[in-house]
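Report on one structure; see the data block that follows.
This chain uses plain numbering: 1 for the first residue, then up along the sequence. Just so it is clear, the values below take in all heavy atoms, side chains as well, and ignore hydrogens, waters and symmetry mates.
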Amino acid sequence: MAEENSPILEIKDLNYSYDNKNNVLNNINLKINKSEKIAVLGSNGAGKSTLFLNINGVYKGSGDIYLYGNKITKKTLNQLRKCTGYVFQEPDSQIVGSTVFSEVSFGLSNLKLPANEIKEKTTNVLKKMGLYHYKDRPPHYLSGGEKKRVATAGVVVMQPDIILFDEPMASLDPGNLAIFENILSWLEAEGKTIIISTHNADFAYKWAERIIVLNSGSIIADDTPIKIFTSDKILKTANLRKPVFLQIYEIIKEKYPGGGYNYNKAPRCINEFTEWFNHL
């Protein structure tokens with residue numbers, strides 16, 4: 001076990017190639033701390049999913065990964081997979097169970113746990129995620145947003161320390177998006193380390209404490225949301241847009257100067273914006 005203040009996960013000099021010729025990931029170095037809320041941004045093909053698959057131990061590139069200070073080897077690869085849960089962008093590629101209950105309990109069943117323990121843990125997660133009334137329903141009858149919740153529940157029930165979400169908000173309607181954000185709040189309260197790959201600049205700006213920007217397989221920025229989104233160079237290089245609330249903040253700042261504006265206190269959501277605007 002690593003020391004209390006050391007990273008939960010560390011990646012050193014990670015490179016990965018699908019064809020042994022062209023790297024998809026280039027010299028990735030990262031330290032991930034316990035309970036961090038991290039958004040990973042980048043255009044399609046930037047390497048986000050490939051990075052997640054290496055973190056989860058599905059792919060093995062050159063370089064080293066340390067979990068709680070211990071280097072991951074072939075013998076300890078299962079420890080990495082147990083510690084890092086991965087929710088894929090497309091739930092249909094992850095769901096294998098004939099019912100919601102059997103899908104969510106699938107991983108626990110593979111661990112050969114007692115039936116009563118499997119039932120208790122699965123039931124608790126289904127209730128937490130608003131899926132219990134679907135427990136006997138075949139997953140392919142559910143909506144896209146509900147399928148994503150089922151896939152998420154199947155990961156969460158395994159109690160990983162780190163949860164990787166690959167484009168979790170893609171195609172979600174407002175109702176399912178609100179449910180997903182509530183699930184995130186629950187996982188944060190549980191002390192989980194959450195890493196989300198997304199194209200949604202507004203969500204990343206509002207939710208993340210730290211943003212990692214990938215471009216052509218390399219990390220070009222790793223900083224706070226406000227420092228990422230106020231850098232024209234980063235935005236242009238990675239083809240990112242500025243979040244709407246930050247754009248409005250800058251418009252008001254330009255039109256009404258002298259108001260004691262502070263980027264570090266710029267509003268990141270509607271409640272913060274309303275409170276800030278009322279005190280102008």
Side-chain angles (χ1 to χ4, degrees), residues 26-33 35-49 51-52 89 145 164-185 187-189 193-280:
N26 302 294
N27 197 36
I28 300 294
N29 288 276
L30 280 175
K31 291 182 179 181
I32 307 296
N33 300 310
S35 302
E36 278 198 289
K37 297 161 56 177
I38 302 172
V40 180
L41 301 181
S43 301
N44 289 333
K48 301 187 298 298
S49 296
L51 174 61
F52 279 16
Q89 180 176 350
L164 309 165
F165 289 95
D166 195 351
E167 297 290 349
M169 286 133 330
S171 304
L172 289 186
D173 59 41
N176 276 299
L177 181 57
I179 291 172
F180 175 70
E181 291 183 346
N182 287 335
I183 290 170
L184 284 182
S185 296
L187 294 174
E188 291 159 19
T193 299
I194 303 173
I195 309 175
I196 295 178
S197 162
T198 181
H199 287 101
N200 191 324
D202 296 308
F203 170 80
Y205 178 64
K206 175 178 72 172
W207 173 80
E209 298 169 337
R210 173 184 175 191
I211 291 179
I212 296 166
V213 182
L214 281 176
N215 186 60
S216 299
S218 299
I219 295 176
I220 63 168
D222 182 352
D223 217 320
T224 62
I226 195 65
K227 288 186 177 179
I228 296 294
F229 287 117
T230 53
S231 170
D232 292 335
K233 181 180 179 181
I234 293 172
L235 298 181
K236 182 177 180 180
T237 301
N239 194 28
L240 300 174
R241 72 163 178 83
K242 193 167 289 190
V244 170
F245 281 118
L246 187 55
Q247 292 183 51
I248 296 172
Y249 179 82
E250 291 182 340
I251 290 170
I252 294 174
K253 178 175 177 291
E254 183 176 348
K255 191 171 182 62
Y256 302 102
Y261 300 98
N262 182 346
Y263 271 120
N264 289 324
K265 296 182 179 179
R268 297 168 62 181
C269 63
I270 186 62
N271 291 337
E272 290 181 6
F273 184 84
T274 301
E275 182 178 355
W276 168 75
F277 190 78
N278 287 337
H279 287 85
L280 275 180

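Of the charged side-chain nitrogens involved, at least one lies within less than 4.0 Å of a carboxylate oxygen, so that Asp222 and Arg210 count as a salt-bridged pair.
In this structure, Ala221 and Ile228 approach most closely via the heavy-atom pair CB-CD1, 3.5 Å. Nearest heavy-atom pair, Glu250 versus Tyr263, reported as atom, atom and distance to 0.1 Å: OE2-OH, 2.8 Å. Scanning both residues, Thr193 and Ser35, for their nearest heavy atoms gives OG1-N, 2.8 Å. When all heavy atoms of Ala39 and Ala204 are compared, the pair lying nearest together is CB-CB, 3.9 Å. Counting all heavy atoms, side chain and backbone alike, Ile196 lies closest to Ile194 at CG1-CG2, 3.8 Å.
Going from atom CD1 of Ile234 over to atom NZ of Lys227 covers 10.5 Å, rounded to the nearest 0.5 Å. A distance of 9.5 Å separates CD1 in Ile179 from CG in Leu172, rounded to the nearest 0.5 Å. Atom-to-atom distance recorded for Phe229:CZ and Ile211:CD1 is 4.0 Å, nearest 0.5 angstrom. Taken to the nearest 0.5 Å, the CD1 atom of Ile38 stands 4.5 Å off from the CD1 atom of Ile195. Between the CZ atom in Arg241 and the CG atom in Leu246 there is a gap of 10.5 Å [rounded to 0.5 Å]. Rounded to the nearest 0.5 Å, atoms CG (Asp166) and CG (Leu51) are 10.0 Å apart.
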task = Show your working on side-chain contact (heavy atoms from CB on, under 4.5 Å) between Ile226 and Asn264 and close with a plain yes or no.
result = CA-CA 7 Å; Ile226 195 65; Asn264 289 324; 3.8 Å; yes
key: Residue pair Lys206, Glu272: steps toward the side-chain contact (heavy atoms from CB on, under 4.5 Å) verdict   = CA-CA 10 Å; Lys206 175 178 72 172; Glu272 290 181 6; over 6 Å; no
inquiry  = Assess the residue pair Glu188 and Leu184 against the criterion (side-chain contact (heavy atoms from CB on, under 4.5 Å)); give the C-alpha distance rounded to whole Å, side-chain angles, the decisive distance to 0.1 Å, and a yes or no.
reply    = CA-CA 6 Å; Glu188 291 159 19; Leu184 284 182; 3.8 Å; yes
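Aromatic ring centroids of Phe273 and Tyr249 lie 6.0 Å or more apart.
A donor-acceptor distance shorter than 3.5 angstrom exists from the side chain of Arg268 to the backbone of Ala208, with no hydrogens or angles considered. Without hydrogens or angle criteria, Lys48 side chain to Leu214 main chain gives no donor-acceptor distance under 3.5 Å. Between the side chain of Ser43 and the main chain of Ala238, a donor-acceptor pair closer than 3.5 Å is present.
Screening Thr230, Leu41, Leu240 for a side chain to side chain contact (heavy atoms under 4.5 Å, CB included) with Leu235, the sole residue that qualifies is Leu240. Only one option out of Leu187, Val40, Thr198 pairs with Phe165 in a side chain to side chain contact (heavy atoms under 4.5 Å, CB included); it is Leu187.
Under the 4.5 Å side-chain criterion, counting only non-hydrogen atoms from C-beta, Ile219 is in contact with Ile28. Trp276 places none of its side-chain heavy atoms less than 4.5 Å from the side chain of Lys265.
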